[in-house]
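Have a look at the structure below, then the notes.
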Amino acid sequence: MLDIKLIREQPEFVRERLAARGVGDDRKLDEVLALDRKLREALKEGDSLKEQRNKSSKEIGALIGQKKNAEADAKKAEVRTIGDRIGLLDKEIAATEAARDELLLALPNLPNVKVAIGKTAEDNPVVRVHGVPAKFDFKPKNHIELCESLKLIDFARGAKLSGSGFLLYTNWGARLERALINFLLDLHTREHGYTEVSPPFIVNGEVMTGVGQFPKFKDQAFWVRRGLDDDTMGKQFLIPTAEAPVANIHREEILAEKQLPIYYCAYSPCFRAEAGAAGVGTRGMIRVHQFDKVELVKIVKPEHGFAELDKMVANAERVLQVLGLHYRVIQLCTGDMGFASGMTYDIEVWAPGQGTFLEVSSCTNCEEFQSRRMNLRFKSDTGGNVFPHLLNGSGTALARLFVALVETHQRADGSVAIPEPLQPWLKADSIPAT
RNA sequence: GGAGGGGUGGCAGAGUGGUCUAAUGCGGCGGUCUUGAAAACCGCUGUGGGCGCAAGCUCACCGGGGGUUCGAAUCCCUCCCCCUCCGCCA
């Protein structure tokens, strides 16, 4: 959520930053400002009436104490009319504030001024490239062919169980997935200083709103209903990412400055309905309704936000380096950034079978956008309560990492070599050809 | 699912319609005393909003929401959460 004071005091700056994002329609900003003015006028009148009422009520108490009941009754009648006016104003205040906040919650974060200006993914600058594409002296297979020949994933039966977009990992496929999860968690906890947490996979609406998933992306979540009780619909949701529960761990808390920085990492499955996207170029495991991910979350002081973002990107890159994969890091331009983002770097891994880069990590500094939504603060040593920067990044998404891994390390005989650093987790040096 | 008990400041814990401006204790911060520390004593102690250059004034907040009343932590309704026991269950 944007700071209403910033919008009030520097509306032109906010307008310009939103335009950089491609939010062409800024009438909402004008609406916010109008509602805000209306709200403050009503608050001013209401507060002063309440002050009168408070004083008069005390006087009534004193009069009753002195047994001057007639005077007290007269005063009561007088205050009752003030009370009626307050009742009306309170309703107006609540409605105006709700309308203002609804609009505020629908406004995306402002791109940081350091972010490259652009309109689409075409405009995303490449920050750096690591390694080179794998070369093969045989005709390489794509991951679908590999998964079928090595029986890593049973696409047909996955669909039979749950519909398209759901995967049944089998045998070596299931073992590789588990090995990757454990490898990633161990890497980030042992070598990068993250504390492992294992969150609920179902969260409430406040949590979704806190990270900016709601209200905008309500149509992309899986909604949970308890049994046949329709009243429970819309109260709980399958998480689209561990970011949702983990970033909210300290919501509505005031942390001590010495607690920061906080680094969390968590494995979770991620559930995405992605309404409208199904069936379009979705064969295989590039875009699915459920995938595994190891997520990184940081809560840091604002002055450290961007240095911490760089470190987080480096932590995610390390995964690909250790696994011997070719990748590039790009910065999302102002027009391509996510809703809550102040600045985002994507890491894209090379998938030889696809002949493209696949996004396996998106590292974002949401600055105070999310902490403001979830009312997460820390008490600074200088006294005031401050919204910390909230960062999240994939470290990394599993399904696509799986794709890049098997496509990159496939061998002429149809087997897949396992990079040496991963071998202790899989307890094997290759996936044998069948 | 059934029965009962609870939710009050950082924590513990009083308060059941009117100096509640929420007692008291602990913790924390500052001070006095001391060579230093402890003890003792004194003072301070939360969050958010509005107005104001500021000093400050003011409003709201006792789990959430609604109601009764001139006035609600206190009474009423409703929802949420926690605890104990029973049932079911991995």
Side-chain angles (χ1 to χ4, degrees), chain A residues 1-9 32-102 104-105 198 200-210 224-237 245 248-259 368 371-388:
Chain A
M1 181 155 60
L2 299 178
D3 184 1
I4 183 63
K5 283 183 183 161
L6 179 71
I7 295 176
R8 208 183 275 158
E9 287 158 19
V32 168
L33 285 165
L35 287 167
D36 184 55
R37 270 192 297 273
K38 187 178 169 195
L39 175 64
R40 280 184 295 158
E41 273 167 32
L43 274 174
K44 215 192 295 185
E45 188 186 350
D47 281 0
S48 111
L49 288 174
K50 282 176 186 173
E51 183 181 355
Q52 284 182 45
R53 183 176 67 180
N54 288 344
K55 283 179 177 154
S56 296
S57 290
K58 278 201 177 126
E59 287 166 20
I60 291 168
L63 288 171
I64 292 172
Q66 295 160 32
K67 307 261 191 247
K68 298 178 177 171
N69 287 343
E71 282 180 52
D73 286 344
K75 197 116 195 147
K76 275 188 197 179
E78 182 190 314
V79 178
R80 191 176 295 125
T81 64
I82 297 178
D84 291 344
R85 174 71 185 145
I86 289 173
L88 290 174
L89 274 171
D90 275 349
K91 282 197 172 64
E92 182 186 327
I93 287 165
T96 308
E97 188 169 29
R100 184 194 71 176
D101 290 348
E102 191 184 330
L104 273 179
L105 283 171
S198 180
F201 299 156
I202 293 176
V203 295
N204 60 35
E206 286 72 39
V207 163
M208 294 289 265
T209 301
V224 172
R225 183 180 70 178
R226 291 207 186 179
L228 301 177
D229 185 356
D230 283 328
D231 291 344
T232 63
M233 260 306 252
K235 294 190 173 164
Q236 294 180 313
F237 310 86
N248 275 283
I249 287 174
H250 298 289
R251 65 174 294 127
E252 285 155 42
E253 292 182 24
I254 300 175
L255 302 168
E257 179 162 351
K258 64 173 186 241
Q259 286 177 266
E368 10 175 307
S371 40
R372 196 181 293 282
R373 282 175 165 248
M374 56 180 78
N375 203 20
L376 163 64
R377 291 159 294 170
F378 71 94
K379 189 174 284 295
S380 79
D381 292 339
T382 51
N385 290 332
V386 180
F387 292 108

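Order of the sequence lines sets the chain letters (A, B, ...), proteins ahead of strands, with each chain counted from 1.
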Open item on the list: With rounding to the closest Å, how many angstrom separate the C1' atoms on B/U74 and B/G67?
Closed with: 15 Å

TODO: Taking the side chain as every heavy atom from C-beta outward, state whether A/Leu49 and A/Arg85 have any atom pair closer than 4.5 Å.
DONE: yes

TODO: Decide if atom CZ of A/Arg226 counts as having more than 12 heavy atoms of other residues, nucleotides or ligands within a radius under 6.0 Å.
DONE: no

TODO: Can you tell me the pairing partner of B/C51 across any strand shown, Watson-Crick or G-U wobble, with both distances under 3.5 angstrom?
DONE: B/G56

Open item on the list: Strictly by Watson-Crick or wobble contacts shorter than 3.5 Å, is anything paired with B/A72, and which nucleotide is it?
Closed with: none

Task: For B/C41, the Watson-Crick or wobble counterpart (both distances under 3.5 Å) - done: B/G31

TODO: Please state the C1' separation for the pair B/G43 and B/C61 - nearest whole angstrom.
DONE: 26 Å

Open item on the list: Measuring only the C1' atom in each nucleotide, how far is B/G9 from B/A14? A whole number of Å is fine.
Closed with: 13 Å

Open item on the list: Rounded at 0.5 Å granularity, tell me how far CD in A/Glu253 sits from CG in A/Asn248.
Closed with: 10.5 Å

Task: Closest-nucleotide 5' rank along RNA chain B - winner of A/Arg226 and A/Arg100 - done: A/Arg100

Open item on the list: Between A/Arg377 and B/G48, is there a contact of a side-chain N or O with OP1 or OP2 at under 4.0 Å?
Closed with: yes

TODO: Would you mind reading off the distance between A/Ile93 atom CD1 and B/G66 atom P, rounded to a whole angstrom?
DONE: 13 Å

- [ ] Identify the nucleotide, in any strand shown, that forms a Watson-Crick or G-U wobble pair with B/A14, with both distances under 3.5 Å; if there is none, say none.
- [x] none

Open item on the list: Whole angstroms only, please: what is the CG-C1' distance between A/Leu255 and B/G10?
Closed with: 13 Å

Open item on the list: Measuring only the P atom in each nucleotide, how far is B/C11 from B/U47? A whole number of Å is fine.
Closed with: 13 Å

Open item on the list: Please give the distance between the P atoms of B/A72 and B/G18 as a whole number of Å.
Closed with: 12 Å

Open item on the list: One pair to check against side-chain contact (heavy atoms from CB on, under 4.5 Å): A/Ser48 and A/Lys44. What are the steps and the verdict?
Closed with: CA-CA 6 Å; A/Ser48 111; A/Lys44 215 192 295 185; over 6 Å; no

Strictly under 3.5 Å: I want the nitrogen or oxygen pairs between protein and nucleotides 18-23 of chain B, one per line.
{"unit_1": "B/G18", "atom_1": "N2", "unit_2": "A/Ser57", "atom_2": "O", "d": "2.7"}

Restricting both atoms to N or O, compile the protein contacts to nucleotides 76-78 of chain B shorter than 3.5 Å, with distance only.
none

Open item on the list: Keeping A/Asn204 on the side-chain end and A/Lys235 on the backbone end, is there a donor-acceptor pair under 3.5 Å?
Closed with: no

Output one line per pair: protein atom, nucleotide atom from nucleotides 6-9 of chain B, and distance, for all N/O pairs under 3.5 Å.
none

Open item on the list: Suppose we screen for salt bridge (charged side-chain N to carboxylate O under 4.0 Å, His left out). Which residues come up paired with A/Arg37, at least two apart in sequence or across chains?
Closed with: none

Open item on the list: Measuring only the C1' atom in each nucleotide, how far is B/G46 from B/C62? A whole number of Å is fine.
Closed with: 12 Å

Open item on the list: Run the side-chain contact (heavy atoms from CB on, under 4.5 Å) test against A/Ile249 and tell me which residues pass, sequence neighbours left out.
Closed with: A/Val197, A/Val246, A/Tyr264

Task: Strand partner of B/U21, provided both Watson-Crick or wobble distances fall under 3.5 Å - done: none

- [ ] Could you work out the separation of B/G6 and B/A22 based on their P atoms and round it to a whole Å?
- [x] 26 Å

Check residues 74-83 of chain A and write down every donor-acceptor pair under 3.5 Å in which the side-chain atom is one partner and the other belongs to a residue at least two apart or another chain.
{"unit_1": "A/Lys75", "atom_1": "NZ", "unit_2": "A/Glu59", "atom_2": "OE1", "d": "3.0"}
{"unit_1": "A/Thr81", "atom_1": "OG1", "unit_2": "A/Glu78", "atom_2": "O", "d": "2.7"}

Open item on the list: Please name the nucleotide paired to B/A90 by Watson-Crick or G-U wobble geometry with both distances under 3.5 Å, or report none.
Closed with: none

TODO: Could you tell me which residues satisfy side chain to side chain donor-acceptor pair (under 3.5 Å) with A/Lys50, sequence neighbours excluded, listed by chain and number?
DONE: A/Asp90

Task: Rounded C1' spacing from B/C88 to B/C76 in Å - done: 36 Å

Task: A/Asp101 CG to B/G48 C1', straight-line distance once rounded to whole Å - done: 13 Å

Open item on the list: At 4.0 Å (heavy atoms only), tell me whether A/Arg8 reaches a base, stays on the sugar-phosphate, or touches nothing.
Closed with: sugar-phosphate

Restricting both atoms to N or O, compile the protein contacts to nucleotides 52-59 of chain B shorter than 3.5 Å, with distance only.
{"unit_1": "B/C59", "atom_1": "OP1", "unit_2": "A/Asn54", "atom_2": "ND2", "d": "3.1"}
{"unit_1": "B/C59", "atom_1": "O2'", "unit_2": "A/Asp47", "atom_2": "OD1", "d": "3.0"}

Donor-acceptor pairs under 3.5 Å, side chain of residues 371-378 of chain A to any protein atom, not counting sequence neighbours: which ones?
{"unit_1": "A/Ser371", "atom_1": "OG", "unit_2": "A/Glu368", "atom_2": "O", "d": "3.3"}
{"unit_1": "A/Ser371", "atom_1": "OG", "unit_2": "A/Pro388", "atom_2": "O", "d": "2.7"}
{"unit_1": "A/Arg372", "atom_1": "NE", "unit_2": "A/Met1", "atom_2": "O", "d": "3.4"}
{"unit_1": "A/Arg372", "atom_1": "NH2", "unit_2": "A/Glu368", "atom_2": "OE1", "d": "2.2"}
{"unit_1": "A/Arg373", "atom_1": "NH1", "unit_2": "A/Thr209", "atom_2": "O", "d": "2.8"}
{"unit_1": "A/Arg373", "atom_1": "NH1", "unit_2": "A/Phe214", "atom_2": "O", "d": "3.1"}
{"unit_1": "A/Arg373", "atom_1": "NH2", "unit_2": "A/Leu105", "atom_2": "O", "d": "2.4"}
{"unit_1": "A/Asn375", "atom_1": "OD1", "unit_2": "A/Arg377", "atom_2": "NE", "d": "3.3"}

- [ ] Could you check how far CD1 of A/Ile86 sits from P of B/A72, rounded to whole Å?
- [x] 10 Å

Open item on the list: Nearest whole Å is fine: how far is B/G67 P from A/Asp90 CG?
Closed with: 9 Å

Open item on the list: Output the rounded distance in Å from CG (A/Asn385) to P (B/G49).
Closed with: 10 Å

Open item on the list: Rounded to whole Å, please give me the gap between CZ in A/Arg373 and C1' in B/G48.
Closed with: 19 Å

Open item on the list: Just to verify, what does A/Gln259 make a side-chain contact (heavy atoms from CB on, under 4.5 Å) with, not counting sequence neighbours?
Closed with: A/Leu255, A/Ala256

Open item on the list: Partner lookup for B/A3, please. Criteria are Watson-Crick or G-U wobble with both distances under 3.5 angstrom; report none if nothing qualifies.
Closed with: B/U84

Open item on the list: If the cut-off is 4.0 Å, is A/Arg80 near the phosphate of B/C70, judged by side-chain N/O to OP1 or OP2?
Closed with: yes

Atom pairs and distances, donor-acceptor, side-chain atoms in residues 92-102 of chain A, under 3.5 Å, two or more places apart:
{"unit_1": "A/Thr96", "atom_1": "OG1", "unit_2": "A/Glu92", "atom_2": "O", "d": "2.6"}
{"unit_1": "A/Arg100", "atom_1": "NH1", "unit_2": "A/Asp36", "atom_2": "OD1", "d": "2.8"}

Task: Close side-chain approach of A/Val224 to A/Thr232, heavy-atom, < 4.5 Å - done: no

Open item on the list: Measuring only between side-chain heavy atoms, which start at C-beta, is A/Lys5 closer than 4.5 Å to A/Arg8?
Closed with: yes

TODO: Let me know, please, whether A/Lys75 or A/Asp36 comes out on the 5' side of the other along RNA chain B by nearest nucleotide.
DONE: A/Asp36

Open item on the list: Check this for me: does any side-chain nitrogen of one of A/Glu206 and A/Arg251 sit under 4.0 Å from a carboxylate oxygen of the other?
Closed with: no

Task: Euclidean distance, A/Glu51 CD relative to A/Ser56 OG, rounded to 0.5 Å - done: 10.5 Å

Task: side chain to side chain donor-acceptor pair (under 3.5 Å) against A/Glu257, all qualifying residues, sequence neighbours excluded - done: A/Lys301

Task: Phosphate contact (B/C51 OP1 or OP2) by A/Arg40 side-chain N/O below 4.0 Å - done: yes

TODO: Name the pairing partner of B/C62, where a pair is Watson-Crick or G-U wobble with both distances under 3.5 Å, or state none.
DONE: none

Open item on the list: How many whole angstroms separate atom CE of A/Met1 from atom P of B/G48?
Closed with: 13 Å

